[in-house]
Structures are given as structure tokens and as C-alpha cells.
A.B. asks: 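Just passing along the structure, written as C-alpha cells.
Naming: A, B, ... by sequence-line order, numbering from 1 per chain. Here the structure is a predicted model, which is why all the values come from computation and not from measurement. Below, each value reflects all heavy atoms present in this structure, side chains not excepted, and no hydrogens, waters or symmetry copies.
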Amino acid sequence: MIDPRLLRDDPDRVRAALAKRGLPDDPVDVALGADEERRSSIADYERLRAEQKQLGKQIPRATGEEKADLLARTKVLAADVKSAEAAQTAAEEDWRAALMDIPNLAAEEAPAGGEEDFALLETVGAPRDFAAEGFEPRDHIELGRMLGAIDIERGAKVSGSRFYYLTGPGADLEMALTQLAMDQARSHGFTTVIPPALVRPRAMEGTGFLGQAADDVYRIEGEDMYLVGTSEVPMAAYHSDEILDTARLPLRYAAFSPCFRKEAGSHGKDTRGIIRVHWFDKVEMFVYTTLEDSFAEHRRLLEWEKEFLDCLGLAYRVIDVAAGDLGLSAQRKFDCEAWIPTQERYREVTSTSNCTDFQARRLDIRGRFEQGTAPVATLNGTLCAMPRIIVAILETHQQADGSVRIPEALRPYLQGREELKPVADG
RNA sequence: GGAGGUGUCGCCUAGUCCGGUCUAUGGCGCCCGCCUGCUAAGCGGGUUGAGGGUAAUCCCCUCUCGCGGGUUCAAAUCCCGCCACCUCCGCCA
């Protein structure tokens with residue numbers, strides 16, 4: 001939710017921000033009108049209510065005819081108060097709904113436009129040249145099968161398309177990656193967390209996943225509960241309705257959780273393999289800090305993401321995501337895209353967003369500052385999304401015989417193994 | 001899942017039976033001031049949050065006693081629903 005004050009004081013800035021995302025600006029006028037309506041209904045209600053309280057105070061002291069008269073007047077007034085209150089509640093709801101529809105204002109620096117309009121920030125490492133090495137790389141599906149690491153057929157049999165089993169070295173790899181990621185995060189002062197993956201609507205809505213993105217969310221039938229698509233959801237809601245001690249900021253958490261996504265509207269995309277799946281596990285960084293510090297913190301999250309990719313020996317590039325592709329909550333977003341040899345292109349493996357005070361305002365998370373309380377800033381960043389990192393590792397570090405060299409950083413978590421070797425059919 | 005209990009402005013707590021004098025009591029903590037050679041003690045004052053009137057630190061008003069409804073002229077207080085926690089029983093990893 002954007003700052004209602006900003007909308008009232010400088011609506012043109014909000015209009016410009018919508019335009020930058022390629023969206024129409026009529027929500028601005030809707031919200032402004034709702035704000036007018038809201039404030040006049042508040043004034044109406046409060047005037048009636050104050051009168052009612054005044055008269056009510058006189059009743060216990062009054063007697064006889066005077067009392068009967070007061071009772072008659074307050075009885076009428078009570079009905080007026082009731083309808084004024086209902087009008088006020090309705091106006092507040094309309095106003096809030098209108099405000100909730102407006103996405104966060106994109107950063108000045110974020111490129112304008114849609115998905116294709118990202119800005120390339122940097123390229124790290126060079127894609128491996130398999131032609132020069134004299135062999136054709138195998139894709140992760142084939143490697144996963146040869147190594148006994150990924151079982152896509154049985155995943156489909158049991159759960160349907162876009163499901164998989166990680167087995168043997170595949171399962172080991174996920175565990176190792178999880179521990180490596182958690183160790184890295186811990187060393188940078190993060191608190192490790194395992195959050196609930198099932199949440200109430202409040203958490204989902206507060207993080208911005210129940211608007212246009214609702215199609216992608218699994219809901220539990222008859223329960224009013226949702227499966228989270230990322231631990232950003234339970235971690236943002238973690239401090240909801242709290243006033244944080246600003247001396248303790250930033251609060252940094254590294255959360256491991258399963259993630260569930262319907263992937264509605266992506267039919268036909270990435271149908272093979274485990275690039276795009278309905279369920280995966282992920283280690284996510286989540287930070288609460290001040291608005292002023294959030295921009296520097298965003299850069300720090302990006303550096304920690306790069307540190308993780310670097311120690312896995314992956315080639316990747318970093319992009320500054322365009323305004324139109326930011327999603328509802330983000331003010332700015334950086335994606336790291338790893339080179340996938342058999343696709344011969346860079347694919348998103350991590351993503352970090354600065355949501356400024358947008359989610360904090362929705363979830364009522366404030367800090368106590370000298371001037372009073374104010375919403376804090378929330379940021380999130382992927383440390384390790386398992387399937388995509390496993391894909392990148394398998395394809396990048398494969399050898400001609402189908403074995404895969406294990407990056408040194410992972411070896412301590414894989415019983416010292418230096419490579420994964422193909423196995424006979426399972 | 002069943003039965004019973006509890007939920008008050010940071011923490012503890014009075015008030016709820018029997019509706020109005022609750023503008024919610026007191027203690028602790030915290031903040032400001034006084035006193036004191038310093039410290040402690042003592043004395044005085046302040047200390048939930050949100051919204052509206054306002055551009056506004058002052059001032060006025062409304063809401064806020066877990067949340068949402070209802071009854072009533074009037075609800076912390078009475079009624080209903082929900083949520084959380086505690087105790088016991090059942091079940092379970």
C-alpha cells in the first residue's frame with residue numbers, strides 16, 4: 001500500500017509512476033474520490049457520536065419529563081449514529097480497497113517498460129565452451145536420470161506434471177545447498193528460520209499475492225488457508241501488527257521453506273525438466289530495516305546472492321528489472337540469471353526486491369522513531385532456489401561421460417565427494 | 001475432536017457478578033524536572049496506538065479493554081460468533 005498522504009498531496013507523482021509501469025492512471029482518481037468520501041463520512045459520524053455522548057451523560061442525572069424527553073431524542077440519534085457509522089465503515093473499506101490496488105512506486109533508477117526492457121548491470125564469469133572441449137552438453141533431465149538424482153517420470157505419476165523426486169545425489173545436493181546457504185547467511189548475521197508454509201489470507205494479501213497474482217496461489221479447500229509461493233510471505237507477516245525497536249534494525253532472516261505455485265498462464269513454458277515446477281524448496285533472505293537504509297540493504301542482498309552463485313562456480317548476469325515487471329510490492333528488483341548451457345541462455349535463479357514500506361503498511365509493521373512511529377521497509381532476496389540451482393550446477397559442471405564435478409564449496413556438505421557419477425538404471 | 005478456564009493502554013494488575021460517576025486503578029519499567037558533594041533513596045509530572053478537524057510540535061473531537069457482530073438512550077461490563085493461550089480427556093508424529 002502506498003502512502004495515503006503522498007496520494008493526497010502529490011497525485012501526479014502516483015500517476016507518473018503508474019505510467020512508468022505501463023498502467024492506466026484511473027486508480028488514482030478512484031482512490032482520491034474514495035479519500036474525500038471517507039473523510040466526510042468520518043466527520044459526519046463523529047459529529048453525531050459526540051452529540052450522542054453528550055446527551056447520554058445527562059440521562060442518569062435527569063428525572064421525570066426531562067428524562068423522558070432526553071430518552072426520546074437520544075433514541076432517534078442512536079439510529080442516526082448507527083447509519084452514519086455504517087456509511088463510514090463502507091467508505092473506509094472502499095478507500096482501502098482503492099489504495100490497495102495501486103502498486104508500489106517504482107524507483108527512479110528502474111528502467112521503464114516491460115519484461116524485455118531490463119537493464120543489464122553486469123555479467124560474471126563466462127559460459128563454458130563445450131564445443132572447444134569437444135563434447136555436446138547433456139541437459140539436466142538426462143543428467144539427472146543418469147546420476148539417479150532427479151526422477152521426473154515418477155513425479156508425474158504420483159503428483160502430475162511439474163512434479164519430481166530428488167533422489168540419492170539429487171536429494172543430497174539439496175541438503176548440501178541448504179546447509180551451504182544457511183551457513184553463509186548465518187555468517188553474515190542472519191537468523192535462520194523455518195517458517196510455516198501454510199498461511200491465513202492476511203499474510204498473503206499483505207505481501208501482495210492476492211491481487212492479480214492470486215491465480216498462481218494454491219488455496220486449501222474449505223479452510224481459508226493458502227500454501228505460500230515463497231517464504232517471503234510468512235517472513236513478512238512474522239512481525240505484522242508490531243512496533244519494532246529501531247535500535248535493533250536491520251532484522252535479517254534466512255528462511256527455508258517449500259514453495260508452491262500453480263504456474264497458471266505458463267502452459268507450454270518450460271514443460272520439460274525442473275526449471276518451472278509446482279513445488280520446490282528455497283532459502284530466502286528477508287530483511288526489515290528503515291526506509292533510508294533499504295536502498296543500501298538492497299545492494300547488500302544482491303552481493304550476498306552473487307557470493308552464493310560465485311562459490312558454486314556459475315556464470316551469470318545481473319539485470320535491473322523494468323518497472324512493468326516488478327510485481328505489486330517491489331520498488332526495485334535485481335535478478336541474477338545463470339547461464340544454462342543446453343538452453344544457451346541466461347535463466348533467472350535468484351531475485352531480490354526492495355518493497356520499501358509497501359508491505360509494512362499493509363501488514364502494519366512500524367518502527368518507533370524520534371518523530372513517532374512509521375512503517376519500516378521490507379526486502380527479500382533468494383539465496384538458493386533448489387531446482388534451478390541444481391539445474392545450473394548439473395549442466396555447468398558436467399563432464400563428457402555424464403559425471404558432474406562438485407563445486408569445492410559444496411564438498412564438505414557432501415561427505416567430501418568431488419564428483420557425482422552415472423549409475424546403472426534405477 | 002470433546003470439556004472447562006483465561007485474554008484490560010511495554011510488563012504485572014484493579015474494574016466485569018449488579019451497564020452510566022471508566023476521561024480505565026495501582027505497581028514496575030522508562031522519560032522530564034526538583035532535591036542531593038556523587039550515587040542510591042525521596043518528591044512532582046509524563047508515559048497505548050490510530051484517524052479526523054488542520055499545513056502544524058499546541059488544541060479540540062472520534063475510535064481503541066483479543067477480533068467481529070448484537071442488545072441498549074448508553075457496553076471493559078450483558079448476549080452471540082470467531083481467534084489465541086492454559087488445564088484435562090481423546091487422537092497422533
A.B. asks: Could you tell me whether A/Ile59 contacts a base, only the sugar-phosphate backbone, or nothing, with contacts defined as non-hydrogen atoms closer than 4.0 Å?
C.D. replies: base
A.B. asks: In whole Å, what is the span from the NZ atom of A/Lys53 to the P atom of B/G19?
C.D. replies: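 A/Lys53 atom NZ is separated from B/G19 atom P by 20 Å.
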A.B. asks: With a cut-off of less than 4.0 Å, is there a side-chain N or O of A/Arg368 near OP1 or OP2 of B/G10?
C.D. replies: no
A.B. asks: Take atom CZ of A/Arg39 and atom C1' of B/A50, then tell me their distance rounded to the nearest Å.
C.D. replies: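 A/Arg39 atom CZ is separated from B/A50 atom C1' by 16 Å.
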A.B. asks: Expressed in whole Å, how much space separates the C1' atoms belonging to B/C22 and B/A74?
C.D. replies: 13 Å
A.B. asks: Of A/Glu92 and A/Leu55, whose closest RNA chain B nucleotide lies nearer the 5' terminus?
C.D. replies: A/Glu92
A.B. asks: Rounding to an integer number of Å, can you tell me how far A/Gln54 CD sits from B/U62 C1'?
C.D. replies: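 One finds 13 Å between C1' of B/U62 and CD of A/Gln54, rounded.
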A.B. asks: Distance check, P atoms only: B/G37 and B/C30, in whole angstrom units.
C.D. replies: 25 Å
A.B. asks: Using purine N1 to pyrimidine N3 plus N6-O4 or O6-N4 for Watson-Crick, or N1-O2 and O6-N3 for G-U wobble, both under 3.5 Å, which nucleotide pairs with B/U23?
C.D. replies: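 Looking at the geometry, B/U23 pairs with no nucleotide.
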A.B. asks: I want to confirm an ordering. Mapping A/Ile243 and A/Arg49 to their closest nucleotides on RNA chain B, which one lands closer to the 5' end?
C.D. replies: A/Ile243
A.B. asks: B/U62 pairs with which nucleotide, Watson-Crick or G-U wobble, both distances below 3.5 Å?
C.D. replies: B/A50
A.B. asks: Applying side chain to side chain contact (heavy atoms under 4.5 Å, CB included) between A/Ser351 and each of A/Glu305, A/Glu284, A/Lys333, report the one that passes.
C.D. replies: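 When A/Glu305, A/Glu284, A/Lys333 are each tested with A/Ser351, the side chain to side chain contact (heavy atoms under 4.5 Å, CB included) holds only for A/Lys333.
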A.B. asks: Base, sugar-phosphate, or nothing: which does A/Lys67 touch, judged by heavy atoms less than 4.0 Å apart?
C.D. replies: nothing
A.B. asks: Return the nearest nucleotide to the side chain of A/Lys82; candidates are B/C73, B/G70, B/A55.
C.D. replies: B/G70
A.B. asks: May I have the distance from A/Gln52 (atom CD) to B/C63 (atom P), rounded to whole angstrom?
C.D. replies: 9 Å
A.B. asks: I'd like to check A/Phe190 versus A/Met285 (side-chain heavy atoms, cut-off strictly below 4.5 Å). Are they in contact?
C.D. replies: yes
A.B. asks: Starting the side chain at C-beta, find the nucleotide from B/G52, B/U62, B/G49 nearest to A/Arg366.
C.D. replies: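 So the nucleotide nearest the side chain must be B/G49.
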A.B. asks: So what's B/G1 paired with, Watson-Crick or G-U wobble, going by both distances under 3.5 Å?
C.D. replies: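 B/C89 - that is the nucleotide pairing with B/G1, both distances being under 3.5 Å.
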A.B. asks: Does B/A50 have its OP1 or OP2 closer than 4.0 Å to a side-chain nitrogen or oxygen of A/Thr373?
C.D. replies: yes
A.B. asks: A/Asp44 CG to B/C63 C1': how many Å, rounded?
C.D. replies: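 For the pair A/Asp44 CG and B/C63 C1', the rounded distance is 16 Å.
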A.B. asks: In whole Å, what separates the P atom of B/G20 from that of B/U77?
C.D. replies: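 My reading of the P atoms in B/G20 and B/U77 gives 11 Å.
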A.B. asks: Over 60° means perpendicular and under 30° means parallel, so classify the ring planes of A/Tyr164 and A/Trp279, tilted if in between.
C.D. replies: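 Parallel.
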A.B. asks: As a test of understanding, state which of A/Thr230, A/Thr382, A/Thr350, A/Thr178 forms a side chain to side chain donor-acceptor pair (under 3.5 Å) with A/Lys282.
C.D. replies: A/Thr230
A.B. asks: Can any side-chain N or O of A/Gln398 pair as donor or acceptor with the backbone N or O of A/Ser403 at less than 3.5 Å?
C.D. replies: no
A.B. asks: Checking base pairs now: Watson-Crick or wobble, both atom distances under 3.5 Å. What partners B/U39?
C.D. replies: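 Base-paired to nothing in any strand shown.
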A.B. asks: Can you tell me if CD on A/Gln415 sees more than 12 non-hydrogen neighbours from other groups inside 6.0 Å?
C.D. replies: yes
A.B. asks: In whole angstrom, give me the gap between the C1' atoms of B/G1 and B/C91.
C.D. replies: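 Taking atom C1' in both B/G1 and B/C91, they lie 8 Å apart.
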A.B. asks: When rounded to the nearest Å, what value does the distance between P atoms of B/G19 and B/A76 take?
C.D. replies: 13 Å
A.B. asks: To the nearest Å, how far apart are A/Gln58 CD and B/U21 C1'?
C.D. replies: 15 Å
A.B. asks: Which whole-number value in Å describes the distance from A/Arg96 CZ to B/A50 C1'?
C.D. replies: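 Distance check: A/Arg96 CZ to B/A50 C1' gives 12 Å.
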A.B. asks: Distance check, P atoms only: B/C80 and B/U62, in whole angstrom units.
C.D. replies: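 About 31 Å, rounded to a whole number of Å.
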A.B. asks: Under a 3.5 Å cut-off for both distances, is B/A75 Watson-Crick or wobble paired, and to whom?
C.D. replies: none
A.B. asks: Is there, by distance only and without an angle test, a donor paired with an acceptor across the side chain of A/Glu46 and the base of B/G51 below 3.5 Å?
C.D. replies: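 Such a pair is found, so the answer is yes.
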A.B. asks: Can you tell me the pairing partner of B/G7 across any strand shown, Watson-Crick or G-U wobble, with both distances under 3.5 angstrom?
C.D. replies: B/C83
A.B. asks: Do A/Leu198 and A/Tyr218 have side chains that approach each other closer than 4.5 Å (heavy atoms only, starting at C-beta)?
C.D. replies: no
A.B. asks: Would you measure the distance from the P atom in B/U8 across to the matching atom in B/C78 and give it in whole Å?
C.D. replies: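 It comes out at 16 Å once rounded to the nearest Å.
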A.B. asks: C1' atom, B/C88 versus B/A75: distance in rounded Å?
C.D. replies: 33 Å
A.B. asks: Between B/U23, B/G49, B/C63, spot the one nearest the side chain of A/Tyr45, thanks.
C.D. replies: B/C63
A.B. asks: Report the nucleotide, chosen from B/G49, B/U62, B/A84, that has the shortest atom-to-atom distance to any side-chain atom of A/Arg200.
C.D. replies: B/A84
A.B. asks: Is A/Ala78 touching bases, backbone alone, or none of the nucleic acid, heavy atoms closer than 4.0 Å?
C.D. replies: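 Touches sugar-phosphate only.
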A.B. asks: Rounded to whole angstrom units, what separation is found between the CZ atom of A/Arg47 and the C1' atom of B/G52?
C.D. replies: 13 Å
A.B. asks: Check A/Leu77, A/Val76, A/Asp69 against A/Arg73 for a side chain to side chain contact (heavy atoms under 4.5 Å, CB included) and give me the one that passes.
C.D. replies: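 So, applying the side chain to side chain contact (heavy atoms under 4.5 Å, CB included) to A/Arg73 and each of A/Leu77, A/Val76, A/Asp69, only A/Asp69 qualifies.
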A.B. asks: Check every strand shown and say whether A/Arg202 touches a base, only sugar-phosphate, or nothing at a heavy-atom separation below 4.0 Å.
C.D. replies: nothing
